[in-house]
There are 2 protein chains.
Amino acid sequence: MKTQLRKGTLEMCVLAVLAHQDSYVYEIVGRLAERMEISEGTIYPLMRRLQADEWVTTYLTESSSGPARKYYTLTASGRAALLAMRGEWDSFVAEINAVLGEGGADKENTHEA
Amino acid sequence: MKTQLRKGTLEMCVLAVLAHQDSYVYEIVGRLAERMEISEGTIYPLMRRLQADEWVTTYLTESSSGPARKYYTLTASGRAALLAMRGEWDSFVAEINAVLGEGGADKENTHEA
DNA sequence: ACAGCTACCTTGTAATGCAAGGTAGTGTGT
DNA sequence: ACACACTACCTTGCATTACAAGGTAGCTGT
């Protein structure tokens, strides 16, 4: 069920990581794993989508500790998409909290939405 | 894409509406539609799930303006589930915002486009 | 040579939301 | 009587996405 909540947010999270700095899947997974459970199998197909949408481009870099790394960089439209997603995310959260706040009168005002 | 964000939250929203007061699908949809786009086809299967999980029970009531209404009531475990979901929701939102905030060290840079 | 790590990638399954469509009772206008 | 609109129920098929499990390959240390 926690899985379902994530739908649609992982793209945004990955874009946010890339906004910070270029990265490759193995590292992205490691970063995200600090804060949430995440699996490689989720990210690879996702990266293909990001590429298809032209939100990222890639380049290869040699690694001294394993196979070459495939770095991903945000494009201009990737950055724009991230901003748009943040906006959607914020209004979505507000929307849900409004519904919860409305129905949740039985829990006398936990915290505000 | 907005659709994907909703995954996993609609159950919680419906439970929240029912926590407010007993209701039937047609009305629930109307209520939720005030705040978000939502379709009947989504809710009926969802109600079956809620019933299967024994989070709601139903009773029929005659209506003076159409077919009988099938009201849904929260069970005790339904209320418990709603509380649990709210908890998950809050920590999920915090989690995502943390990732966004981190990648968004350029949050100074939120000149929201 | 082998184990273990880095790093890439694919396939199949499950969960969920939605559009489109179908059934039926009640009231209103012609 | 007939058509239409509104309430109210419900189902089927599709698309999207996350995940588990599995596969390939380079590099390092013993």
Side-chain angles (χ1 to χ4, degrees), chain A residues 1-15 22-33 35-53 55-56 58-72 85 88-89 92 95-96 99, chain B residues 1-15 22-33 35-53 55-56 58-72 85 88-89 92 95-96 99:
Chain A
M1 143 122 226
K2 202 72 178 302
T3 287
Q4 294 300 320
L5 282 183
R6 268 194 267 275
K7 304 248 168 170
T9 59
L10 284 182
E11 266 188 5
M12 182 173 63
C13 288
V14 168
L15 291 178
D22 291 5
S23 190
Y24 51 100
V25 174
Y26 196 79
E27 189 182 58
I28 294 171
V29 170
R31 268 174 165 286
L32 292 179
R35 305 188 176 279
M36 57 178 81
E37 278 175 48
I38 186 70
S39 90
E40 269 188 54
T42 306
I43 302 299
Y44 281 100
L46 190 154
M47 297 317 284
R48 254 184 279 122
R49 267 183 273 144
L50 297 185
Q51 242 179 321
D53 291 334
W55 290 341
V56 298
T58 68
Y59 57 92
L60 287 173
T61 302
E62 303 274 320
S63 165
S64 55
S65 63
R69 292 170 181 163
K70 191 179 194 174
Y71 277 86
Y72 293 84
M85 282 181 194
E88 274 178 37
W89 166 250
F92 172 69
E95 208 172 81
I96 298 298
V99 172
Chain B
M1 140 124 228
K2 202 68 177 308
T3 287
Q4 295 299 323
L5 283 183
R6 267 193 268 276
K7 304 245 168 172
T9 59
L10 284 183
E11 267 188 3
M12 181 172 64
C13 288
V14 168
L15 291 178
D22 291 4
S23 191
Y24 51 101
V25 174
Y26 195 79
E27 189 182 57
I28 293 170
V29 170
R31 267 173 167 287
L32 292 179
R35 303 187 177 281
M36 55 179 82
E37 277 176 49
I38 187 68
S39 90
E40 270 188 53
T42 306
I43 302 300
Y44 280 100
L46 189 154
M47 297 318 284
R48 256 185 276 125
R49 268 183 273 145
L50 297 185
Q51 242 179 321
D53 290 332
W55 289 342
V56 299
T58 66
Y59 57 90
L60 287 173
T61 302
E62 302 275 320
S63 164
S64 57
S65 63
R69 292 170 180 163
K70 191 179 195 172
Y71 277 86
Y72 293 83
M85 283 180 192
E88 274 178 37
W89 167 249
F92 172 69
E95 209 172 81
I96 298 300
V99 172

Fill in the blank from the handout: Hits for side chain to side chain donor-acceptor pair (under 3.5 Å) against B:Y71, two or more places apart or cross-chain, chain-then-number order -> none
Exercise for the section: Whole angstrom is fine here: how far is it from CD in B:E37 over to P in C:dC18? Expected result: 9 Å
Exercise for the section: With sequence neighbours left out, write down each residue that passes side chain to side chain donor-acceptor pair (under 3.5 Å) with A:E27, or none if nothing qualifies. Expected result: A:S23
Exercise for the section: Starting from P on C:dT11, measure out to CD1 on A:I43 and report it in whole angstrom. Expected result: 18 Å
In residues 36-48 of chain B, what donor-acceptor pairs under 3.5 Å come from side-chain atoms, sequence neighbours left out?
unit_1	atom_1	unit_2	atom_2	d
B:S39	OG	B:T42	OG1	3.3
B:T42	OG1	B:S39	O	3.4

Exercise for the section: Please check the phosphate of C:dT16 (OP1 and OP2 only) for any side-chain N or O of B:R49 closer than 4.0 Å. Expected result: yes
Close N or O pairs between protein and nucleotides 6-10 of chain C (under 3.5 Å):
unit_1	atom_1	unit_2	atom_2	d
C:dT6	OP2	A:Y26	OH	3.1
C:dA7	OP1	A:R69	NE	2.3
C:dA7	OP1	A:R69	NH2	2.4
C:dA7	OP2	A:Y24	OH	3.0
C:dC8	OP1	A:K70	N	3.1
C:dC8	OP2	A:Y26	N	2.9
C:dC8	OP2	A:Y44	OH	3.2
C:dC8	O5'	A:Y44	OH	3.3
C:dC8	N4	A:E40	OE1	3.1
C:dC9	OP1	A:K70	NZ	2.8
C:dC9	N4	A:E40	OE1	3.3
C:dT10	OP2	A:R48	NE	3.3
C:dT10	OP2	A:R48	NH2	2.8

Exercise for the section: Would you list the pairs meeting salt bridge (Lys or Arg N to Asp or Glu O under 4.0 Å) in which at least one residue belongs to residues 59-70 of chain A, sequence neighbours left out? Expected result: none
Practice task
Write down the distance between CD (B:E95) and C1' (D:dA18), rounded to a whole number of angstrom.
Solution key: 14 Å
Practice task
Please name all residues satisfying salt bridge (charged side-chain N to carboxylate O under 4.0 Å, His left out) with A:R31, sequence neighbours left out, ordered by chain then number.
Solution key: B:E102
Completion exercise
When rounded to the nearest 0.5 Å, the distance separating CH2 of B:W55 from CG of B:L15 is 7.0 Å
Handout entry: A:S39 or A:E62, whichever maps to the more 5' nucleotide of DNA chain D
Key = A:S39
Problem - Between P of C:dA15 and CG of B:D53, the distance in whole Å - result: 11 Å
Problem - Integer-rounded Å distance: C:dA15 C1' and B:R6 CZ - result: 16 Å
Handout entry: Separation of D:dA8 P from B:Y59 OH (nearest whole Å)
Key = 14 Å
Exercise for the section: Round to the nearest Å and state the distance from A:M12 atom CE to D:dT16 atom C1'. Expected result: 17 Å
Completion exercise
Atom NZ of A:K2 and atom P of D:dA20 are separated, to the nearest Å, by 13 Å
